[in-house]
Amino acid sequence: MPELPEVETVRRGLQPVFEGSRIVAVEQRRPDLRFPFPPDFVASLTGRSVVSLGRRAKYLTIHLDRDPVLICHLGMSGSFRVLSESTATIPGDFHYERSKNEAHDHVVFHLQDAHGASHRIVFNDPRRFGFMLFSTAAALNEHPSLAGLGVEPTGNALGGALLAELLRGKRAPLKAALLDQRLIAGLGNIYVCEALWRAGLSPRREAGSIVATTGRTSVRCERLAGAIRDVIAEAIAAGGSSLRDHAQVDGSLGYFQHSFSVYDREGHPCPKPGCGGTIARIVQSGRSTFYCPSCQR
DNA sequence: AAGTGAACCTGAAGGC
DNA sequence: TGCCTTCAGGTTCACT
């Protein structure tokens with residue numbers, strides 16, 4: 001499910017509930033997800049207070065009043081939802097979103113906030129590609145999951161010059177290079193397809209071919225860097241994309257999926273004014289790519 | 001060494 | 001209805 005905008009949406013949804021709350025209990029309902037839980041998972045979290053929630057690429061980081069830091073990844077189908085006692089009709093009865101299969105509720109955090117109100121945060125993940133691991137605060141950036149991640153596509157860090165540097169000499173298809181988390185961290189299948197369409201660049205093109213050979217910054221790199229920043233910022237503002245099931249933590253849906261130009265739109269007309277092309281689906285490194293063969297060169 | 005494909009796992013959707 | 005195949009927002013590992 002989740003690329004950077006969805007994970008950021010989750011972070012913003014969980015933040016007001018987690019921050020300043022104490023973890024009074026943790027239910028860990030199975031020994032593993034994609035990886036085994038840390039052996040001291042429950043004991044290390046119980047009784048701790050949550051100081052802040054962070055995000056790096058598609059990883060959520062939960063910072064406590066002392067080590068460890070909890071690193072969470074949602075995989076393809078992971079989601080969090082918040083159940084607050086205050087929204088229940090009966091005290092002690094937590095409002096429960098029953099549309100999801102409870103068999104895949106793998107972790108439940110029981111929280112008490114600064115006002116004494118109780119909350120539960122439930123992690124659900126049918127495919128179990130997600131995971132939760134520990135790090136220390138001091139070595140967080142050297143944790144195997146986070147070390148080696150590339151630049152965030154948010155803010156102004158990613159510009160044409162940096163993108164050119166990252167892609168120079170790369171023989172892989174442009175699509176594959178943009179999915180490489182060591183170069184740009186947080187893009188996934190949807191937003192790569194959308195950014196390439198916005199930039200008018202073919203996903204099949206050799207990545208290094210958009211880098212100017214002379215010293216001048218490539219106009220294609222500038223255009224692509226801008227398209228990436230724009231699509232990510234717009235998607236975050238829209239609360240992410242909700243496909244099959246992905247929801248915000250209160251169960252509501254993001255709405256960026258309504259803004260897709262190419263993703264999952266095979267056979268539809270290209271939305272670029274005057275283009276007249278038809279969106280095609282091809283497979284690159286085992287994954288669907290959607291693009292317009294007419295205006296993406 | 002960079003690049004490609006399979007593996008991990010479950011559920012939804014479509015064809016017959 | 002059921003059975004089969006294909007596909008899904010990601011990462012990692014094994015291979016060329």
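A, B, ... follow the sequence lines: proteins, then strands. Residue 1 opens every chain.
In this structure, A:E3 places its CD atom 9 Å from C1' of C:dG10, rounding to the nearest Å. To the nearest angstrom, C1' of C:dA8 lies 15 Å from CD of A:E266. A:D125 has its CG atom 11 Å from the P atom of B:dT10, to the nearest Å. Rounded to whole Å, atom P of B:dG3 lies 11 Å from atom CG of A:L167. Distance, A:R127 CZ to B:dA12 P: 12 Å, rounded to whole Å. Atom pair A:H143:NE2 and C:dT11:C1' shows a separation of 14 Å (rounding to whole Å applied). If you take CG of A:L179 and P of C:dG9, they are 10 Å apart, rounded to a whole angstrom. A:L33 places its CG atom 13 Å from the C1' atom of B:dT10, with the value rounded to the nearest Å.
A stacked arrangement is not assigned to A:F129 and the six-membered base ring of C:dT11, the conditions of a centre distance below 5.5 Å and an interplanar angle below 30° not being jointly met.
Between the side chain of A:H115 and the backbone N or O of A:A117 there is no donor-acceptor pair closer than 3.5 Å. Checked by atom type and distance alone, the side chain of A:R81 never pairs as donor or acceptor with a backbone atom of A:G251 at under 3.5 Å. Checking side-chain atoms of A:E206 against main-chain N and O of A:A172 turns up no donor-acceptor pair under 3.5 Å.
Between A:R182 and A:Q284, the residue whose closest nucleotide on DNA chain B is further toward the 5' end is A:R182. Remark on DNA chain C: of its neighbouring residues A:R281 and A:L187, the 5'-side contact belongs to A:R281, judged by nearest-heavy-atom nucleotide.
Taking atom P on both B:dA7 and C:dT5, the two are 16 Å apart, rounded to the nearest angstrom. With P as the reference atom, C:dT6 and B:dA6 are 13 Å apart, rounded to whole Å. Nucleotides C:dA14 and B:dC9, compared at atom P, are 16 Å apart to the nearest Å.
Here C:dG9 sits opposite no nucleotide as a Watson-Crick or G-U wobble pair (both hydrogen-bonding atom distances under 3.5 Å).
Under 4.0 angstrom from either OP1 or OP2 of C:dG9 there lies at least one side-chain N or O belonging to A:R287. Here A:H73 does not reach the OP1 or OP2 of C:dG10: none of its side-chain N or O atoms lies under 4.0 Å away. OP1 or OP2 of C:dT11 sits under 4.0 Å from a side-chain N or O of A:K58. For C:dA8, the OP1/OP2 oxygens have no side-chain nitrogen or oxygen of A:S77 closer than 4.0 Å. Using a 4.0 Å cut-off, some side-chain N or O of A:H104 falls inside it from OP1 or OP2 of B:dG11. Checking the phosphate oxygens (OP1, OP2) of B:dG11, a side-chain nitrogen or oxygen of A:N101 falls inside 4.0 Å.
Taking the six-membered ring where the residue is Trp, A:F260 and A:F256 present perpendicular rings, their angle passing 60° and hence far from 30°. Ring geometry, A:Y263 versus A:F290: the interplanar angle exceeds 60°, so the pair is classed perpendicular (tilted spans 30 to 60°).
Side-chain contact check for A:Q284 versus A:L179: every heavy-atom pair is 4.5 Å or farther apart.
A:S21 and A:D113 share no donor-acceptor pair across their side chains, judged by distance under 3.5 Å alone.
Distances were taken from every side-chain heavy atom of A:Y263 (C-beta onward) to each of B:dC9, B:dG3, C:dG9; the shortest belongs to C:dG9. Comparing C:dG9, C:dA8, B:dG3 by their nearest atom to the side chain of A:K170 picks out B:dG3. For A:R128, whose side chain is taken as the heavy atoms from C-beta onward, the closest listed nucleotide among C:dC7, C:dG9, B:dC9 is B:dC9. Considering only the side chain of A:R171, B:dG3 comes nearest among B:dG3, C:dG9, B:dT4.
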| Step by step, would you call A:H73 with A:I71 a side chain to side chain contact (heavy atoms under 4.5 Å, CB included)? | CA-CA 7 Å; A:H73 196 287; A:I71 301 173; over 6 Å; no
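In this structure, A:F109 has its ring center closer than 6.0 angstrom to the ring center of A:F18.
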Could you write out each protein N or O paired with an N or O of nucleotides 12-16 of chain C at a distance under 3.5 Å?
from, atom 1, to, atom 2, distance (Å)
C:dT12, O4', A:R34, NH2, 3.0

